2 protein chains.
Amino acid sequence: MNGPNQMDQYLLGDCVARMRELPEASVDLVFADPPYNLQLGAGLKRPGGGSVAGVDADWDRFDSHAAYDDFTRAWLSAARRVLRPDGTLWVIGSFHNIYQVGYQLQALGFWLLGDVHWAKTNPMPNFRGKRFQNATETMIWAQPNKGRPYTFNYHALKSLNDDRQMRNWWELPIVQGTDRLKDGEGNKLHPTQKPEALLYRVLLASSNPGDTVLDPFFGTGTTGAVAHRLGRRFVGIERDPGYLTAARKRIEAIAPGELPDSLVQVRPPRADRRIAMATLVEEGWIAPGQEVRSRCGRFVAQVRADGKLVSAGSAGSIHALGAQLQGRESCNGWDFWRVERDGSWAPLDTLRAMRASAAESTMTEEMSRHETPD
Amino acid sequence: MNGPNQMDQYLLGDCVARMRELPEASVDLVFADPPYNLQLGAGLKRPGGGSVAGVDADWDRFDSHAAYDDFTRAWLSAARRVLRPDGTLWVIGSFHNIYQVGYQLQALGFWLLGDVHWAKTNPMPNFRGKRFQNATETMIWAQPNKGRPYTFNYHALKSLNDDRQMRNWWELPIVQGTDRLKDGEGNKLHPTQKPEALLYRVLLASSNPGDTVLDPFFGTGTTGAVAHRLGRRFVGIERDPGYLTAARKRIEAIAPGELPDSLVQVRPPRADRRIAMATLVEEGWIAPGQEVRSRCGRFVAQVRADGKLVSAGSAGSIHALGAQLQGRESCNGWDFWRVERDGSWAPLDTLRAMRASAAESTMTEEMSRHETPD
DNA sequence: CTAAGCAATGAATCGGGAC
DNA sequence: AGTCCCGATTCATTGCTTA
């Protein structure tokens with residue numbers, strides 16, 4: 001295929017109205033990134049005093065929970081009419097909206113094939129320390145009716161994942177740097193641009209070359225860009241003319257068949273599989289309150305629930321406390337501290353060894369147990 | 001205290017009925033792992049009371065969807081009554097049920113604090129190769145009403161995560177090997193036993209020592225086991241007497257021991273020294289007229305007898321003056337202002353730290369002299 | 001020229017106690 | 001109930017500036 005595909009469509013306007021104009025059962029896949037209805041408060045500050053640019057666009061404001069339900073049912077129903085019976089639909093969202101989306105999918109009779117969790121490797125921090133760092137978005141994958149055949153390119157995804165079957169949580173970075181579309185002044189063009197790597201996996205898994213992919217919330221056209229790269233056709237609907245123009249420009253600039261490495265790359269397994277003291281406590285290898293001693297029993301400390309040690313009012317990591325008590329600059333806590341095992345005092349490190357050997361033996365057990373059906 | 005905590009309760013029966021017997025606003029935390037594979041079809045009648053024979057798939061689907069909604073609303077409402085206004089609730093589920101649960105939480109007026117995704121390091125493979133490997137479960141964290149204060153032990157979780165704030169996706173293994181409870185024949189006792197490490201993070205994050213944790217679907221008592229280890233009380237409700245017996249046996253076998261709060265709760269670094277600047281002046285840790293400087297010496301001010309700072313005619317609290325001079329909206333004066341100590345300029349906060357450690361050492365001294373105060 | 005340091009920023013439902 | 005104000009709080013990455 002050369003240049004822009006004449007079958008691709010850029011449609012301006014409200015997605016429900018535009019979808020109603022499309023022929024019934026005419027697309028093979030729907031990928032939708034609807035507004036999340038974030039309901040943000042005003043003026044969150046960074047610790048340094050800077051302000052956080054939250055999503056404050058009109059399109060993300062809804063009057064009520066019920067209004068968002070109505071909106072969701074409307075576009076899902078319209079999408080369902082356009083979708084072929086053997087096609088599937090993806091929706092991405094966050095905890096703010098995804099439960100309403102999933103609920104309405106089931107209520108409308110869609111059959112859920114599963115969900116996939118995008119685990120962001122570099123999410124925005126939680127600046128106030130009041131909650132967990134929100135580092136995920138959720139995609140729901142569904143078919144319009146239970147039991148129909150559907151496209152799932154199992155082996156393509158498996159080879160993308162180092163020849164192990166692809167799991168439903170994907171560690172991928174957010175869009176940054178030159179991949180992020182900018183306006184004339186260097187500001188981000190769209191507040192919620194998705195990484196192409198995410199769409200790459202979605203389209204590769206659930207569509208085939210020549211298929212038509214519909215994105216009712218096209219934005220700046222990430223779905224179209226990846227569809228183009230992968231030889232799929234697309235229909236993009238967007239109500240903001242500026243976004244739609246940017247999308248067209250972006251997609252028409254892509255050389256056919258161009259596949260940057262960043263799309264295909266699988267993150268190498270993390271090198272730092274070292275075990276922290278906190279992990280041993282979490283997993284119950286040593287309990288909070290348990291006593292540990294230095295080699296000759298000169299120092300005594302107690303294990304705290306977060307994996308640190310407490311002794312005479314000071315607390316610190318096994319290494320830091322050991323160093324402090326000895327008046328030294330450093331100390332290997334794994335060797336310095338002893339824990340009672342079967343009547344004798346063994347180095348803390350033996351707990352790590354026990355954990356490692358236990359993990360190995362359950363692995364073997366698991367592998368010899370391949371009987372359970374799906 | 002030794003042995004089982006007399007405050008802990010093992011309640012047999014339907015969770016809604018048992019929760020209705022508990023006092024209103026009596027628990028600090030709810031952790032719920034509701035079933036989703038209910039055989040709901042059996043007792044269901046079509047609207048109008050038509051015969052069950054020849055039930056088509058749609059009726060079955062919509063009836064069971066509605067029945068699971070009813071079930072979910074019933075137990076969530078009962079749990080909400082028992083939960084204190086400042087408490088929080090966790091629910092764990094999979095894509096089969098979590099969207100209904102999340103939807104009903106929001107519909108009932110719960111406010112979502114976020115969700116956490118358990119990413120299983122060793123999930124069951126998908127044997128048919130028709131879907132992604134289902135390697136996650138989702139936990140929703142909610143409070144009964146928006147805007148109330150709630151417990152979140154930020155620093156404890158940060159410690160568990162190598163001193164970086166804890167994200168909302170947790171890589172943890174499924175329960176295997178000796179941790180997995182078995183029946184007499186070596187088969188797993190409960191189909192959905194959760195890892196203690198999961199509950200460890202949940203309880204450490206969102207409860208305090210001495211709090212009461214309610215688990216309405218107690219199963220084999222993982223919640224109770226971890227609550228016991230972490231110095232929390234629990235109420236476990238389970239309708240299967242076999243499970244409840246196994247849970248009691250399991251928990252009572254855990255070595256008890258009363259743990260000081262300091263070992264099972266990590267307080268923020270400064271919690272014990274929230275002292276006003278005026279107090280430091282009053283007690284002579286810093287003298288009126290003494291000079292303080294901003295980090296790089298750009299601003300200079302003098303301490304006034306009432307604890308405020310004076311600089312170039314303006315006066316104000318250490319925070320207000322710091323903010324004013326920098327032209328910022330806010331400023332933490334304890335970090336911003338430096339005071340000379342032993343030839344170098346240390347943050348004002350070190351004075352508070354010195355005062356706190358001096359107080360602590362007198363405490364220890366007193367205790368070592370076996371003097372009982374009062 | 002490179003290396004180091006500093007600044008900017010990303011779908012965010014991000015206080016609480018005293019008066 | 002509203003207002004004031006103290007003071008607690010950030011991770012990974014990119015790109016520009018400075019040494």
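Heavy atoms only: backbone and side chains are in, while hydrogens, waters and symmetry mates are out. Keep in mind that what you see is a predicted model, and the values were worked out from it rather than measured. In what follows, chains are A, B, ... by sequence order, proteins preceding strands, each numbered from 1.
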Using a heavy-atom cut-off of under 4.0 Å over every strand shown, decide if [X] touches base, sugar-phosphate, or nothing.
X      : answer
B/R167 : sugar-phosphate
B/Y154 : sugar-phosphate
B/H155 : sugar-phosphate
B/Q165 : sugar-phosphate
A/K188 : sugar-phosphate
A/G54  : base
A/D60  : base
B/K158 : sugar-phosphate
A/P34  : base
B/I318 : nothing
A/T192 : base
A/D56  : nothing

Legend entry - Residue mapping more 5' on DNA chain C - nearest nucleotide basis, A/Q193 or A/N126: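 The residue whose closest nucleotide sits nearer the 5' end is A/Q193.
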Among [options], find the nucleotide with the atom closest to the side chain of [X].
X      : options                : value
A/R180 : C/dG16, C/dC14, C/dG10 : C/dG10
A/H96  : C/dA12, D/dG7, D/dT10  : C/dA12
A/A53  : C/dT13, C/dG10, D/dT13 : C/dG10
A/P125 : D/dT10, D/dA12, C/dA12 : D/dT10
A/M124 : C/dA12, C/dA11, D/dT10 : C/dA12
A/Q176 : D/dC11, C/dT13, D/dT14 : D/dT14

What is the distance, to the nearest angstrom, from the [atom1] atom on [X] to the [atom2] atom on [N]?
X      : N      : atom1 : atom2 : value
B/D335 : D/dT9  : CG    : C1'   : 10 Å
A/F62  : C/dT13 : CZ    : C1'   : 15 Å
B/R352 : D/dA8  : CZ    : C1'   : 10 Å
A/L44  : C/dT9  : CG    : P     : 15 Å
B/N168 : D/dC11 : CG    : C1'   : 14 Å
A/K130 : C/dA12 : NZ    : P     : 19 Å
B/L113 : C/dT13 : CG    : C1'   : 9 Å
A/F132 : C/dA12 : CZ    : P     : 18 Å

Base [N] paired with [X] side chain (donor-acceptor, <3.5 Å):
X      : N      : value
A/N187 : C/dA8  : no
A/R46  : C/dG10 : yes
A/R128 : D/dT10 : no

Inset, instruction - Identify whether NZ of Lys or CZ of Arg in B/R293 sits under 6.0 Å from the centre of the six-membered ring of B/W337 and within 45° of that ring's axis. - result: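 No, B/R293 does not lie over the aromatic ring of B/W337.
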Inset, instruction - Please figure out whether B/N332 or A/G177 has its closest DNA chain D nucleotide nearer the 5' end. - result: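 That would be B/N332.
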Legend entry - Upstream residue (5' side of DNA chain D) when A/K45 and A/T178 are each assigned their closest nucleotide: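 Counting from the 5' end, the first nearest nucleotide belongs to A/K45.
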Under-4.0 Å side-chain N/O to phosphate OP1/OP2 contact, [X] with [N]:
X      : N      : result
A/S94  : C/dA11 : no
A/N134 : C/dA11 : no
B/H319 : D/dC6  : no

Inset, instruction - Spell out, as yes or no, whether a donor-acceptor pair under 3.5 Å connects the side chain of B/D162 to the backbone of B/S159. - result: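 Judged by distance alone, no pair lies under 3.5 Å.
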Please measure how far the [atom1] atom in [N] lies from the corresponding atom in [M], and state the result in whole Å.
N      : M      : atom1 : result
D/dT10 : C/dG16 : P     : 16 Å
D/dC5  : C/dT13 : P     : 30 Å
C/dG10 : D/dT9  : P     : 25 Å
C/dG17 : D/dA8  : C1'   : 14 Å
D/dC11 : C/dG15 : C1'   : 22 Å

Inset, instruction - For the residue pair A/F132 and B/W170, categorise the inter-ring angle as parallel (less than 30°), tilted (30 to 60°) or perpendicular (more than 60°). - result: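 Because their plane-to-plane angle is over 60°, the rings of A/F132 and B/W170 count as perpendicular.
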Inset, instruction - For the pair B/W90 and B/W141, name the ring-plane relationship: parallel under 30°, tilted 30 to 60°, perpendicular over 60°. - result: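 Plane angle under 30°, so parallel.
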Inset, instruction - Look through every strand shown and name the nucleotide pairing with C/dC14 as Watson-Crick or G-U wobble, where both distances are under 3.5 Å. - result: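 Base-paired to nothing in any strand shown.
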Legend entry - Base-pairing mate for D/dA8 - Watson-Crick or G-U, with both contacts under 3.5 Å: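 Here D/dA8 is not engaged in any pair, so there is no nucleotide opposite it.
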Inset, instruction - Could you walk me through whether A/T222 and A/R250 pass side chain to side chain contact (heavy atoms under 4.5 Å, CB included), step by step? - result: CA-CA 9 Å; A/T222 304; A/R250 167 190 187 180; 3.1 Å; yes
Legend entry - Contact check, side chains of B/T88 and B/S206, non-hydrogen atoms, under 4.5 Å: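 B/T88 reaches B/S206 side chain to side chain.
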Legend entry - Side chain proximity check, A/H65 to A/Q100, heavy atoms < 4.5 angstrom: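 Yes, at least one pair of side-chain atoms sits under 4.5 Å.
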Legend entry - Donor on one side chain, acceptor on other, B/Q106 and A/Y99, under 3.5 Å: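 Side chains of B/Q106 and A/Y99: no pair found under 3.5 Å.
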Inset, instruction - Classify the side-chain pair B/Y150/A/R131 by whether it contains a donor and acceptor separated by less than 3.5 Å. - result: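 Yes - a donor-acceptor pair under 3.5 Å links their side chains.
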Legend entry - In C/dT13, glycosidic geometry as syn within 90° of 0 or anti otherwise: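 What C/dT13 shows is a syn base, its glycosidic angle lying within 90° of 0.
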Legend entry - Per-pair stack call A/Y36 and C/dA11, 5.5 Å, 30°: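 A stacking contact exists, since A/Y36 sits close and nearly parallel to the base ring of C/dA11.
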Legend entry - ring centroid sep under 5.5 Å plus plane angle under 30, B/W111 with C/dT13: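 A stacking contact exists, since B/W111 sits close and nearly parallel to the base ring of C/dT13.
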